[in-house]
Amino acid sequence: DAGVTQSPTHLIKTRGQQVTLRCSPKSGHDTVSWYQQALGQGPQFIFQYYEEEERQRGNFPDRFSGHQFPNYSSELNVNALLLGDSALYLCASSAPSGVNEKLFFGSGTQLSVL
Amino acid sequence: DAKTTQPNSMESNEEEPVHLPCNHSTISGTDYIHWYRQLPSQGPEYVIHGLTSNVNNRMASLAIAEDRKSSTLILHRATLRDAAVYYCILRDEGNTPLVFGKGTRLSVIA
């Protein structure tokens, strides 16, 4: 059983460009969350998708948007990239809603903005 | 969000027990205490969680103070593979997003 898979593993972009990151959740999981982790910091919550809708959102600008597909996979899009967007982007999935479902994280996509 | 306080770093010798403390004096009655860890070059992974009673699983034990204002993650025999950043997180029962702090960086010495 594959866990959470993310692609690509590394990406280099320049300021002003747009980027799309992809995530496939663990089998049987229907909820996907995205986190941004700057160097030396803990992950910061961006948003969560469930039933193809954004259910919760953290304190991130509208440049960050997402999508969830019927097969539960998800994309994170970032427009007008800034140098400060350089970070590790983590995707996490969890099982159908219950109490305190564990999150399973992928290994992340390392984004560098030059 | 209720906050947690953890030491920035700790060091342990291999095969010795490790006690990782976490203070959460503003915890509410419905907050569960979760621990995740992040090994180098990986995403975080779930370790353990509890509400009031002490909890044990194959990875670790969680000791929760009677007033729930602090807790301790116990690794019974640290190995080199346990070197990671350990995060103590409060989360209510509604599957709200995890709010990570900076965690405790655990180094294990052979």
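The figures here come from the full heavy-atom set of this structure, side chains too, leaving out hydrogens, waters and symmetry mates.
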Engineer: Select one option (side chain, backbone, both, neither) describing which atoms of Gln6(A) are under 4.5 Å from chain B's heavy atoms.
Structural biologist: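 Gln6(A) has no heavy atom closer than 4.5 Å to chain B.
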Engineer: Out of Pro97(B), Ser41(B), Gly43(B), return the one with the most heavy atom pairs under 4.5 angstrom to chain A.
Structural biologist: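 Heavy-atom pair counts peak at Pro97(B).
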Engineer: Which atom pair, heavy atoms only, marks the closest approach of Lys26(A) to Ser93(A)?
Structural biologist: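 Distance-wise, the nearest heavy atoms are N-OG, 3.2 Å.
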Engineer: Would you say that Ile74(B) contacts His19(B) through its side chain, given a criterion of any heavy-atom pair below 4.5 Å between the two side chains?
Structural biologist: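 Sidechains of His19(B) and Ile74(B): in contact.
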Engineer: Decide ring pair (Phe, Tyr, Trp, His ring centres under 6.0 Å) for Phe104(A) and His29(A); before the verdict, give the C-alpha distance in whole Å, the side-chain angles of both, and the deciding distance to 0.1 Å.
Structural biologist: CA-CA 9 Å; Phe104(A) 290 79; His29(A) 286 186; 5.3 Å; yes
Engineer: Side chains of Ser70(B) and Cys22(B): closer than 4.5 Å at any heavy-atom pair?
Structural biologist: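 Side chain of Ser70(B) against side chain of Cys22(B), heavy atoms only: no contact under 4.5 Å found.
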Engineer: Can you say whether Phe47(A) sits under 4.5 Å from chain B via the side chain, the backbone, both, or neither, judging by heavy atoms?
Structural biologist: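 For Phe47(A), there is no contact with chain B at all, as no heavy atom is under 4.5 Å.
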Engineer: Which bit of Gln41(A) is near chain B, if near means a heavy-atom gap under 4.5 Å: side chain, backbone, both or neither?
Structural biologist: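 Contact with chain B involves both backbone and side-chain atoms of Gln41(A).
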Engineer: So, does His34(B) use its side chain to make a donor-acceptor pair with the main chain of Cys88(B) at under 3.5 Å?
Structural biologist: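 No, the answer is negative, given that no donor and acceptor are paired below the 3.5 Å cut-off.
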Engineer: Decide whether a cation-pi geometry holds between Arg91(B) and Tyr32(B); the criteria are a distance under 6.0 Å from NZ or CZ to the six-membered ring centre and an angle within 45° of the ring axis.
Structural biologist: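 Relative to the ring axis of Tyr32(B), which defines the angle, Arg91(B) lies outside at least one limit.
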Engineer: At under 4.5 Å between heavy atoms, what parts of residues 100-110 of chain B are in contact with chain A? List them by residue number.
Structural biologist: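 Listed by number: Phe100(B), Gly101(B), Lys102(B).
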Engineer: Please report the C-alpha distance between Leu73(B) and Ile48(B) in whole Å, then the side-chain angles of each, then the deciding distance to 0.1 Å, and finally whether the side-chain contact (heavy atoms from CB on, under 4.5 Å) criterion is met.
Structural biologist: CA-CA 9 Å; Leu73(B) 180 70; Ile48(B) 200 166; 3.6 Å; yes
Engineer: Test Tyr46(B) against every option in Trp35(B), Tyr87(B), Tyr86(B), Tyr36(B) by the ring-ring contact (aromatic ring centres under 6.0 Å, His included) rule and name the one that passes.
Structural biologist: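 When Trp35(B), Tyr87(B), Tyr86(B), Tyr36(B) are each tested with Tyr46(B), the ring-ring contact (aromatic ring centres under 6.0 Å, His included) holds only for Tyr36(B).
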Engineer: Give a yes or no answer on whether the side chain of Asn54(B) reaches the backbone of Ile64(B) with a donor-acceptor pair at less than 3.5 Å.
Structural biologist: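 Judged by distance alone, yes, a pair lies under 3.5 Å.
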Engineer: Closest heavy-atom contact between Asn71(A) and Ser73(A)?
Structural biologist: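 That would be OD1-OG, 2.7 Å.
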Engineer: Set out, in order, the CA-CA distance, both residues' side-chain angles and the distance that settles side-chain contact (heavy atoms from CB on, under 4.5 Å) for Leu98(B) and Leu103(A), then state yes or no.
Structural biologist: CA-CA 9 Å; Leu98(B) 297 176; Leu103(A) 266 64; 3.8 Å; yes
Engineer: Is there a side-chain contact (heavy atoms from CB on, under 4.5 Å) between Thr31(A) and Tyr72(A) once you walk through the steps?
Structural biologist: CA-CA 7 Å; Thr31(A) 302; Tyr72(A) 307 122; over 6 Å; no
Engineer: Counting only non-hydrogen atoms closer than 4.5 Å, can you tell me which residues of residues 106-114 of chain A sit against chain B?
Structural biologist: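 Within residues 106-114 of chain A, the residues that come under 4.5 Å of chain B (heavy atoms only) are Gly106(A), Ser107(A).
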Engineer: With a 4.5 Å cut-off on heavy-atom pairs, point out which of Tyr35(A), Phe105(A), Phe45(A) contacts chain B the most.
Structural biologist: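 Most heavy-atom pairs under 4.5 Å with chain B: Phe105(A).
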Engineer: Highest number of heavy-atom pairs under 4.5 Å with chain B: which of Gly40(A), Pro43(A), Ser33(A), Gly58(A)?
Structural biologist: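 When all of Gly40(A), Pro43(A), Ser33(A), Gly58(A) are compared, Pro43(A) has the most.
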